[in-house]
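Computed from heavy atoms alone, side chains included, the values below leave out hydrogens, waters and symmetry copies. Both counts, for ligands and for their atoms, begin at 1 and track the order of listing.
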Amino acid sequence: MAPTVLVVGSGGREHALAHVLQRSASAPRVISAPGNAGTPNNRKVSVTDVDAVVALAEAEGADLVVVGPEAPLVRGLADRLRARGIPVLGPDAAAAELEGSKAFAKAVMDEAGVPTARWGRFTEADAAVAFARTLEAGAVVKADGLAAGKGVVVAEDMAEAEAAIRDILGGAHGEAGRVLVVEERLVGEELSVIALCDGHRIAVLAPSQDHKRVGEGDTGPNTGGMGAYSPAPRGTPQLMAEVHDSCLMPVVEVLRRRGAPFSGVLYAGLMLTADGPRVLEYNVRFGDPETQVILPRLAEDAYELFMACARGALPDRPVAYSPRSALTVVMASEGYPASPRLGDAITGLDDAAALPDVHVFHAGTTLDGDVVRTSGGRVLAVTGLGDDLAAAAKAAYSGVERIAWPGAHYRRDIGFRALKG
Ligand code: AMP
Ligand code: GLY
């Protein structure tokens, strides 16, 4: 009988996960919880309602649960599933603290000797401000806990740093900002390195680059990510080996020593500085939109690979990748990221999906009868594949150009760093 996989989440990342799982030779039945207008077999459930997700996994007889977002992991979803003998791709709550608490992550990095920005942990504003003044390159102010990607301020000057410190400790992000991390500002290009980890071993996936700012040329406010591409030329084999040895493995070892082994997806957000790679943060899940370029290139059976990881038996060999390139363009609704307008009817989806080498991954979409409507800020991620990055970009944008709704916007320069040379 075909296995059942429950994919938890509702973004473009989860649609891409469902897509590669469905390509598996085991032909799994993929259930999406709660999913979107593009995902298969949607079940209405809130991802942070751990009891409800566990009950759904049991009711559906899930052979594997793949968890997209971090919040349910920090709340102990993986612990609960493992306690019931259900294999899960995602760490237990104790290891998920790597994303759930920035102070925890920094302390683990220090213990593991991972290169990262100089930092301090504060609960008093005056002490935090005094520390920020000692950082010659400028300060970055971070709420300790999960703040839906809004808890980080890269300050342009000391006045902005001080305002952010008083704002966050003053309760702007509630509980998440009771503790503050202040760290030195780093400069360089960012790179996402995502690995599968089975508690002992890691299998590093292809490097990718995200585009966090809403505007072309990396301008305007931060977003969840407006586009990505893979492979990223900055992720050379030498760099990837260095990241494996100095940014990923030492953390896995420290967590195992602390009695919180990491089993799941470990994502290092790196700054490539003039002095080498520095870890900005860890996430305990796949990136969005990085997943939409990494997974379509995977030349492995995704179900077998994820299952091996969940069972603590990752193969002792590199993960196989297609030599082709992938590039994804996020299409966002009017007003994103500040105040996205929802409910607009989307046209052209079938035309775009029918193009060769184009995948349309849904994110903030919902089905209203036969009409697909926008239901979130990031609406779609249109991925193109090609023999090189330029060809992948051409495919992605040919898909994007066929899709429309009132106020849709996207960046026209995804991949510019790699394409300019
Ligand atoms: P984080 O959630 O910690 O990754 O921060 C979100 C974004 O803030 C990162 O992707 C970077 O663009 C930026 N950032 C975080 N830490 C630093 C730092 N120390 N120096 C410069 N930029 C940073
Ligand atoms: N693309 C950034 C993230 O998933 O956190």
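The aromatic rings of Phe286 and Phe306 lie tilted to each other, with the angle between the two planes from 30° to 60°. Aromatic ring orientation, Phe122 versus Phe131: tilted (interplanar angle from 30° to 60°).
Here the side chain of His211 pairs a donor or acceptor atom with the backbone of Gly227 at under 3.5 angstrom.
Look at Arg133 and Glu162 and you find a salt bridge, because one of the NZ, NE, NH1 or NH2 atoms lies within 4.0 Å of a carboxylate O, short of that distance. A salt bridge links Lys142 and Glu183; the closest N-O separation between the charged side-chain nitrogens and carboxylate oxygens is under 4.0 Å.
Arg412 forms a cation-pi arrangement with Tyr410, by the criterion of a distance under 6.0 Å to the ring centre and an angle within 45° of the ring axis.
Under 4.0 Å from any atom of ligand 1, one finds heavy atoms of residues Lys102, Val140, Lys142, Val152, Val154, Glu183, Glu184, Arg185, Leu186, Glu190, Lys212, Met271, Leu280, Glu281. Using a 4.0 Å heavy-atom criterion, the residues that approach ligand 2 are Asp210, Gly224, Tyr267, Asn283, Arg285, Gly287, Asp288, Pro289, Glu290.
The two atoms that bring Glu160 and Val154 nearest to each other are OE2-O, 4.1 Å, heavy atoms only.
Glu401 is linked by a side chain to side chain donor-acceptor pair (under 3.5 Å) to nothing, counting only residues two or more places apart in sequence or in another chain. For His362, the side chain to side chain donor-acceptor pair (under 3.5 Å) partners are Thr365, not counting sequence neighbours.
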